[in-house]
Amino acid sequence: MKKINNFCWSALFKVKSHIIKRDELIWWKAWGIRVIAVFLALIVCGIVTVSLTDLNPVEMYITMIEGAIGTSRLAWNLFQNTAILLCVALAVTPAFKMKFWNIGGEGQILIGGFTTAICMIFLGGVIPDGLLIPIMFLASIISGAIWGLIPAIFKTRFNSNETLFTLMMNYVAVQIVAYYTLEWSVPKGSGTPRPLEFGQLPVLFGQKYLINILIVAVITVIVYIYLKYSKQGYEISVVGESEKTARYIGINVGKVVLRTMAISGALCGVAGFLLVAGTDHSLKSDTSGGRGFTAIMVSWLAKFDPIFMILTSLLIVFLQKGASKISEVYRLNSSFSDIITGIIIFFIIGCEFFINYKIKFNKKEANV
């Protein structure tokens, strides 16, 4: 009889839930949720580590930190990779904010690096480096801008699908670079990338990567001011919100699309310049290293804010370097490091739901 009574009382109420959008959270609350997400991710990673490998999670995390910033060389390498990833994230952000889905960052980086290599090979030794480096920089900007303009022109003229178009152009760029890598290889046809001796970026204060970091720092400030305070940045925001509204208030949407994609491609070209002239001193078909795709995640996680992109870029690179060190020290295959990185990134992306939405539970009296 008691069970029947309990059942009847539970039937009197129905618990209903629905998802509602939050008002914009104060920045410190939003970042508090993200910190909690990272903490939970580390706990889950520890459980997975123990269940799969019997390793001590604390020792594993210490190894991860040592692998990322354990020495000054590793720390500078971390900052260098963060700078390049940040540069690419800054490049794709204006297009994404306009809701032009530029998935062609990989190709635009490679084309920028390709034109940089052309200058280093054919002008190196002919003109002094003081003149060669600015020419390389300008060439990478122009080539990247042109590569970004091609899908923009087709979008504005023929309403083509920019996602597929930019993605396919990645493959074109890869094959162009792969062909010339073989042509320029030493010995020819061997596939060994040709060392590019002339036009290398100078070493500042004894640090090989400092100039790369400084260039990206300047670009970050410029992009932040451009998107937040300039008229063109305002136009990008309006076009992203509604093309109809943009046209109604007199904005030339086609012009904005072309201009923004030229800027996006140009900044990717700069990233290619930094990789070839300031980091690798050679050109390969995998020079971009997947940064064109990783940068998309960085941009979205930072909500298109260039300042927050610094933190997200640093976090992603830190996880990549640290996870790689775990595999090396404990002689695990790369899949394990990918699992750890994937779990942490999953929690970081998932927490954005709780920043933007909340689940509301209601108890509604049932009709009996």
Side-chain angles (χ1 to χ4, degrees), residues 83-116 137-157 160-170 172-173 215-216 218-228 230-240 243 246 251-275 288 290-306 309 312-313:
I84 299 297
L85 180 59
L86 174 60
C87 185
V88 184
L90 292 168
V92 299
T93 292
F96 281 133
K97 197 168 184 181
M98 187 181 59
K99 293 187 178 176
F100 186 103
W101 312 120
N102 179 19
I103 315 298
E106 288 282 298
Q108 292 153 21
I109 294 168
L110 284 175
I111 290 301
F114 175 64
T115 51
T116 298
F137 185 74
L138 185 61
S140 68
I141 290 175
I142 294 173
S143 60
I146 292 173
W147 207 254
L149 270 173
I150 295 172
I153 291 171
F154 277 83
K155 175 66 175 181
T156 54
R157 294 291 181 88
S160 62
N161 186 309
E162 71 274 15
T163 304
L164 290 176
F165 205 118
T166 53
L167 182 62
M168 292 301 104
M169 289 191 70
N170 288 338
V172 177
I215 290 173
V216 175
V218 172
I219 292 174
T220 304
V221 174
I222 292 172
V223 172
Y224 177 79
I225 295 172
Y226 177 79
L227 292 177
K228 196 170 182 66
S230 73
K231 177 187 174 184
Q232 293 182 5
Y234 169 74
E235 290 176 343
I236 289 172
S237 298
V238 175
V239 171
E243 288 190 13
I251 295 175
N252 187 331
V253 174
K255 181 180 177 181
V256 174
V257 171
L258 293 173
R259 181 182 64 215
T260 304
M261 274 304 293
I263 293 172
S264 185
L267 291 178
C268 282
V270 171
F273 162 79
L274 295 177
L275 283 169
S288 54
R291 292 179 179 89
F293 299 113
T294 308
I296 297 171
M297 180 170 58
V298 170
S299 180
W300 277 94
L301 283 175
K303 299 295 182 64
F304 308 136
D305 188 319
M309 283 180 209
T312 52
S313 298

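For the pair L275/R291, a side-chain contact is recorded, criterion being any heavy-atom separation below 4.5 Å from C-beta on. Within the 4.5 Å cutoff, the side chain of T220 has heavy atoms near those of the L86 side chain.
The line from CE of M261 to OG1 of T156 is 11.0 Å long, rounded to the nearest 0.5 Å. Once rounded to the nearest 0.5 Å, the distance linking CG of L227 with CD1 of I222 reads 12.0 Å. The distance from atom OG1 of T116 to atom CD1 of I141, rounded to the nearest 0.5 Å, is 9.5 Å. In this structure, the separation between CZ on F273 and CD1 on I109 is 14.5 Å, given to the nearest 0.5 Å. Expressed to the nearest 0.5 Å, how far NZ of K97 lies from OG of S264 amounts to 14.0 Å.
Every residue was checked against the ring-ring contact (aromatic ring centres under 6.0 Å, His included) condition with Y234, not counting sequence neighbours, and none meets it. Every residue meeting the side-chain contact (heavy atoms from CB on, under 4.5 Å) condition with T115, not counting sequence neighbours, appears here in chain and number order: A139, S140, S143. When the side-chain contact (heavy atoms from CB on, under 4.5 Å) test is applied to S230, the partners found at least two apart in sequence or on another chain are Y226, Q232. With sequence neighbours left out, the side-chain contact (heavy atoms from CB on, under 4.5 Å) criterion links M168 to Y171. Under the salt bridge (Lys or Arg N to Asp or Glu O under 4.0 Å) criterion, K303 pairs with E352, not counting sequence neighbours. Annotation: side-chain contact (heavy atoms from CB on, under 4.5 Å) contacts of N161 (sequence neighbours excluded): T163, L164. Under the ring-ring contact (aromatic ring centres under 6.0 Å, His included) criterion, F100 pairs with no residue at all, not counting sequence neighbours. Listed by chain and number, the residues in a side-chain hydrogen bond (donor to acceptor under 3.5 Å, both in side chains) with T260 amount to none (sequence neighbours excluded).
Residues in residues 218-227 take part in no salt bridge (charged side-chain N to carboxylate O under 4.0 Å, His left out) pair, two or more places apart or across chains. Evaluation of the salt bridge (charged side-chain N to carboxylate O under 4.0 Å, His left out) test over residues 143-155, restricted to residues two or more places apart or in two chains, returns K155-E162. Listed by first and then second residue, the salt bridge (charged side-chain N to carboxylate O under 4.0 Å, His left out) pairs involving residues 254-275 are E235-R259 (not counting sequence neighbours). Residue pairs satisfying the side-chain hydrogen bond (donor to acceptor under 3.5 Å, both in side chains) criterion with at least one member in residues 105-114, sequence neighbours excluded, are listed as follows: N102-Q108, E106-S288.
When each of I219, V218, V223, I225 is paired with V221, the side chain to side chain contact (heavy atoms under 4.5 Å, CB included) condition holds for I225 and for no other.
Closest approach of I236 to P94, counting heavy atoms only: CG2-O, 3.5 Å. Shortest non-hydrogen contact noted between G240 and K99 is O-CD, 3.0 Å. The minimum heavy-atom distance linking M309 with L90 is given by the pair SD-CD2, 4.0 Å. Closest non-hydrogen pair, I111 versus W147, comes out as CG1-CD2, 3.6 Å. Contact between G107 and N170 at its shortest, heavy atoms only, is N-OD1, 2.8 Å. Shortest non-hydrogen contact noted between V239 and V256 is CG2-CG1, 4.0 Å.
S299 contributes no side-chain N or O that, together with a main-chain N or O of I296, makes up a donor-acceptor pair within less than 3.5 Å.
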Worked check of side-chain contact (heavy atoms from CB on, under 4.5 Å) between T166 and W101: CA-CA 8 Å; T166 53; W101 312 120; over 6 Å; no
Test log, rule side-chain contact (heavy atoms from CB on, under 4.5 Å), inputs F293 and L167: CA-CA 10 Å; F293 299 113; L167 182 62; 4.1 Å; yes
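Taking a 6.0 Å sphere around CH2 of W300, one finds it holds 12 or fewer heavy atoms contributed by other residues, nucleotides or ligands.
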